[in-house]
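So the structure is just underneath, and the comments pick up after that.
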Amino acid sequence: MRLNRFNTNSINVGTTGGGGRFPGGGGGKVGCGTIVIAIIAALVFGVDPMQTIGMIGGSETGQQIEQQAGGQTEEEICTSNKYALETCNALSSLNETWEPVFRSAGVRFQQPMLKFATSDRFRSGCGQAASGMGPFYCPADEGIYIDTRFYDTMERQLGAGGDFARYYVVAHEYGHHIQKLTGVAAQIRSLQQQRPGASNQLQVLMELQADCYAGVWAGKNRNLIEPGDMEEGLRAAASIGDDTLQRNAGQRVNPEGFTHGTSAQRMQALKLGLDSADDTQCDRIVELR
Ligand SMILES: [Zn+2]
C-alpha cells in the first residue's frame, strides 16, 4: 500500500519502556519456540487487555518500569526504524480517514495515542505489559501499544509478511479505538458481565468488527492499494484465526475457546470492510439490539 508519509499534525506518538535503546526493526529477536509464538499470536489482536495485563502484572516491581523519557520528538520516534515509520504512516492515514466519518456521524472523535514499546516490559494505561503479548489497545488511555519487533515474529514465524500485513495490525487495533469511541466496547463488556456464558462469543464479534473496520480503512484508500496487498492482509487474518492458532499449538480445534474468530471468519470480516468501504456494514457484525 503506497501510504503517504505521516503528518506530525495528525498523529499522537510516544514511547514507553524502561528507557533502553529503541529496538530496531528487521533484526530484533522475540522469544522463540512454538509455545511462545502461539501465545504471542493468541494475544495479538486485543484479548481484553485488562485480563492479559492483569496476568503479567503483579510480578513486577514498579521500580524497573519507568516511563521512558528520552525527549524524542515524534519525528525522531517515527523515523527510528522502518517498522516505526510504517506504523506512523498507517496511523496518520487512519486518523485522516476516520475523523471525517465520526464528524459526519456527529460522534466525538479523539485520536488514539500510539506508544512504541522500547523494552521487553513497559507501562501502559492498563497496567504493566510485556512485548511478548503483541500489539494491543488499551481503552483506559486510548493507547495503541506496539513493539515493532513483533512484525519480525509475524513475518518469520506466523508467515504473515508484507507491509499490508503490518498496516492491518495497526488498523485492527485502531478498530478497537473506534469501538471505544462509539461505545460498542462498553456495551460488549456489560453484556459479557450479564452473560458470562456468551463472553467468548461476544469477544469474537468484537474482534471481527475490528477486522471489518481495518478493511473499511483500506477500502476507503483503495487508490493506494498495490497488487499483493489483499493477499498479505488475508494471509495475516488467516494466520491468526483461533482455529489455526489452536491447530498450530497442537490442540484440537475448540470453538468454545475462540476469542478472535476462525481464520475464515477473520478473512470474511476484513473482506466485508474492504469491499464495502462502509463502516455501517461492520455494525452488522455486532448487533447489540
Ligand atoms: Zn483485537
Side-chain angles (χ1 to χ4, degrees), residues 11-13 16 40-54 87 90-95 97-99 101-102 105 107-117 124-127 129 133-147 150 154 165-192 199-218 220 233 236-237 240-242 258-261 265-266 269-270 272-274 279-286 288:
I11 52 171
N12 198 353
V13 176
T16 181
I40 290 171
L43 295 175
V44 173
F45 289 121
V47 179
D48 180 351
M50 300 308 283
Q51 284 172 12
T52 52
I53 296 171
T87 308
L91 179 70
S92 193
S93 170
L94 284 156
N95 281 332
T97 301
W98 284 108
E99 199 269 340
V101 176
F102 275 76
V107 180
R108 185 191 70 95
F109 177 78
Q110 175 78 37
Q111 286 184 17
M113 178 77 177
L114 172 63
K115 290 268 195 179
F116 288 108
S124 84
C126 291
M133 294 165 51
F136 65 92
Y137 174 74
C138 169
D141 65 353
E142 300 186 351
I144 294 173
Y145 289 83
I146 293 183
D147 181 332
F150 173 75
M154 259 181 76
R166 296 185 282 274
Y167 298 146
Y168 162 58
V169 169
V170 186
H172 172 97
E173 298 309 338
Y174 202 100
H176 289 309
H177 179 59
I178 293 168
Q179 292 168 327
K180 159 84 194 287
L181 296 182
T182 59
V184 163
Q187 290 175 58
I188 295 267
R189 293 284 168 258
S190 86
L191 276 177
Q192 284 176 317
S199 182
N200 278 359
Q201 269 171 294
L202 288 162
Q203 184 66 38
V204 168
L205 293 181
M206 202 154 145
E207 295 305 325
L208 294 179
Q209 191 183 48
D211 284 338
C212 182
Y213 284 144
V216 168
W217 163 72
K220 284 179 182 290
I240 45 159
D242 281 324
F258 286 2
T259 52
H260 299 73
Q265 285 175 318
R266 298 203 71 164
L270 177 64
L272 173 65
L274 252 167
D279 56 286
T280 62
Q281 293 292 311
C282 307
D283 296 343
R284 292 187 6 225
I285 293 179
V286 179
L288 295 172

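Because the structure is a prediction, the values reported are computed rather than measured.
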Practice task
Identify the two heavy atoms, one from Ala214 and one from His172, that lie closest to each other, and give their separation to 0.1 Å.
Solution key: CB-N, 3.8 Å
Handout entry: Side chain to side chain, Lys220 and Val216, heavy atoms closer than 4.5 Å
Key = yes
Practice task
Check whether any side-chain heavy atom of Ile285 lies under 4.5 Å from a side-chain heavy atom of Leu272, and answer yes or no.
Solution key: yes
Handout entry: Spacing of Asn12 atom CG and Ile144 atom CD1 [to the nearest 0.5 Å]
Key = 10.5 Å
Handout entry: Flag side-chain contact, heavy atom, 4.5 Å: Lys115 against Ile146
Key = no
Handout entry: Minimum heavy-atom distance between Pro139 and Lys180, given as atom pair plus value
Key = O-NZ, 3.0 Å
Exercise for the section: With the side chain counted from C-beta on, respond yes when Pro112 and Asn95 share a heavy-atom pair under 4.5 Å apart, and no when they do not. Expected result: yes
Practice task
Indicate whether any N or O donor in one side chain lies under 3.5 Å from an N or O acceptor in the other, for Gln179 and Gln209.
Solution key: yes
Exercise for the section: First locate atom CG of Leu114, then atom OG of Ser92, and finally report the distance between them rounded to the nearest 0.5 Å. Expected result: 11.0 Å
Problem - Shortest non-hydrogen separation from Leu274 to Ala218 and the atoms involved - result: CD2-CB, 3.9 Å
Practice task
Measure the spacing between CG of Leu91 and CD of Glu173 and express it to the nearest 0.5 Å.
Solution key: 12.0 Å
Practice task
Over 60° means perpendicular and under 30° means parallel, so classify the ring planes of Trp98 and Tyr213, tilted if in between.
Solution key: perpendicular
Handout entry: Heavy-atom pair with the smallest gap, counting every atom of Gln203 and Gln192
Key = OE1-NE2, 3.5 Å
Problem - Heavy-atom pair with the smallest gap, counting every atom of Gly134 and Phe150 - result: CA-CD1, 4.2 Å
Exercise for the section: First locate atom OG1 of Thr182, then atom CZ of Arg108, and finally report the distance between them rounded to the nearest 0.5 Å. Expected result: 11.5 Å
Practice task
Can you measure from CD1 (Ile188) to OG (Ser199) and round to the nearest 0.5 angstrom?
Solution key: 9.5 Å
Practice task
Look at the rings of Trp217 and Tyr167 and say which category their plane angle falls in: under 30° parallel, 30 to 60° tilted, over 60° perpendicular.
Solution key: perpendicular
Practice task
With the side chain counted from C-beta on, respond yes when Glu142 and Leu181 share a heavy-atom pair under 4.5 Å apart, and no when they do not.
Solution key: yes
Fill in the blank from the handout: Interatomic distance, CE@Met113 vs CD1@Ile11, rounded to 0.5 Å, equals 10.0 Å
Handout entry: Closest contact, heavy atoms only, Cys138 versus Tyr145
Key = CB-CE1, 3.9 Å
Problem - Side chain His177, main chain Gln110, donor-acceptor under 3.5 Å - result: yes
Handout entry: Test item: Gln111 and Glu99 side chains (from C-beta on) under 4.5 Å apart, heavy atoms
Key = no
